[in-house]
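Here's the structure, in structure tokens; my notes come after.
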Protein chains: 2
Amino acid sequence: MESSRPDLAALGEVYPRYLNAVVLHGLATAQALGMGPTDLYAMGALALEGRLTSGELAVRTGLTTGATTRLIDRLEQRGLVRRVLDPEDRRRVLVEAVESDGVDLDAALSPARRNLEAIFASFDPDQIAVLADYFARAAPAFRAAVEEIRKGE
Amino acid sequence: MESSRPDLAALGEVYPRYLNAVVLHGLATAQALGMGPTDLYAMGALALEGRLTSGELAVRTGLTTGATTRLIDRLEQRGLVRRVLDPEDRRRVLVEAVESDGVDLDAALSPARRNLEAIFASFDPDQIAVLADYFARAAPAFRAAVEEIRKGE
DNA sequence: GTTAATATCTGCATTGAAGCAGATAATGAA
DNA sequence: TTCATTATCTGCTTCAATGCAGATATTAAC
């Protein structure tokens, strides 16, 4: 975050703290729910994608397929997730989030959601567009960084 | 992220994916370094604060003091951290990051840093100001959410 | 100076996450 | 059909992270 551009220096002040807070929030949420951070991440991925195969979950989490089976077991036992056999290829198992049951998960995430909504509401449309642009580009940037990190093992 | 304001709808599309990517990045980084997510978070907190007492680390991580002692042990054994007795109160142990040693940690974080710098560089000063404002306010929002989540146990 | 409170550490035990290797089942190719 | 490949699961084992309760050392209060 070091830069010769003075406007970027402002980011150097606030951005690391912001990232740290996001990470902490993820950890604390997992703690509060009594699950591991990986399990919580998997739930997030499922919420975004709707359904993922066991293998896709393994790739995303960076776990072996065996460990992923156990991860799905844990989520299933909590009623957060359901296994569905893929009709296209019956070797595959589709995992999908169970909607109405995830009350505790929603509850755990709601304080952050509420606080963030208040912040977003204070920006005007042009500013929201800037933020949305940033989020849209930062997400793949982080994912690319993950791939790069994983390659270097 | 539901909202009647149409400009906020754009955030609902991108923001959850963004957060998920950030969380994934934290997990993958910890995996790559062969440490737990909590340990990595602690390193981040130390990088930001310079030094923290063992007790402060316990509060931040949400661990018991005993578990925090072990966390510090792990970081110390890796040479990432140093224990310093607080001269003001010799019961306390100050923990501080060891600078030049954390090469692997820096290396693991550098892909994300590089990618993000490229993104930030594409915004003009006004836009950077918007982003900086968001980061500055979102960080305490997340921390407040963490406290709220923890209270509800 | 004695007692209480605070900060950290230690021993012990538990639990859970994960890897690995082999088993099972389904698909695809020859 | 037969063989190879792919996707998931299971049994077994290991290791790390954590909690808890008690020990120690330091400070603060009376």
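First the proteins, then the strands, lettered A, B, ... as listed; each starts at 1. Computed over heavy atoms, backbone and side chain alike; hydrogens, waters and symmetry mates excluded.
Rounded to whole Å, atom C1' of dC9(C) lies 9 Å from atom CG of D73(B). Here dC20(C) presents its C1' atom at 14 Å from CG of L63(A), a figure rounded to the nearest Å. R78(A) has its CZ atom 9 Å from the P atom of dA17(C), to the nearest Å. Atom CD of Q31(A) is separated from atom P of dA17(D) by 14 Å (rounded to the nearest Å). At whole-Å resolution of the value, CD in E88(A) and P in dA25(C) are 22 Å apart. Going from atom CG of L71(A) over to atom C1' of dT8(D) covers 14 Å, rounded to whole Å. Between the P atom of dT6(D) and the CD atom of E56(A) lies a distance of 16 Å, rounded to the nearest Å. Atom CD1 in I72(A) sits roughly 15 Å away from atom C1' in dA17(C) (whole-Å rounding).
The side chain of R90(B) has dT26(D) as its nearest neighbour among dT26(D), dC9(D), dA7(D). Checked against dC20(D), dA17(D), dT10(C), the side chain of T64(B) finds its nearest nucleotide in dC20(D). Minimum atom distance to the side chain of T65(B) is reached by dT8(C), of the listed dT8(D), dT8(C), dT27(C). Comparing dA17(D), dA7(C), dG11(D) by their closest approach to the side chain of R91(B) singles out dA7(C). Taking every side-chain heavy atom of R70(B) into account, dT18(D) is the closest of dT18(D), dC12(D), dT8(C).
Counting heavy atoms from C-beta on, the side chains of Y134(B) and V130(A) never come closer than 4.5 Å. Residues P111(A) and I149(B) have side chains in contact (heavy-atom distance under 4.5 Å, counting atoms from C-beta outward).
Counting any heavy atom pair closer than 4.0 Å across all strands shown, S54(B) reaches sugar-phosphate atoms only and no base atom. The residue G66(B) sits close to a base: some heavy atom pair falls under 4.0 Å.
Of the charged side-chain nitrogens involved, none lies within less than 4.0 Å of a carboxylate oxygen, so that E148(A) and R143(A) do not count as a salt-bridged pair. Remark: R83(B) engages D73(B) in a salt bridge, criterion side-chain N to carboxylate O under 4.0 Å.
Regarding contacts with the backbone of dA18(C), a side-chain N or O of R74(A) is found under 4.0 angstrom from either OP1 or OP2. Look at R83(A) and you'll find a side-chain N or O under 4.0 angstrom from OP1 or OP2 of dC9(D). Within the structure, a side-chain polar atom (N or O) of T38(B) is placed less than 4.0 Å from OP1 or OP2 of dT18(D).
The side-chain tip of R137(A) points at the ring of F123(B) from less than 6.0 angstrom away and within 45° of straight on.
Heavy-atom distances to DNA chain C give each of D89(A) and D89(B) a nearest nucleotide, and the one nearer the 5′ end belongs to D89(B).
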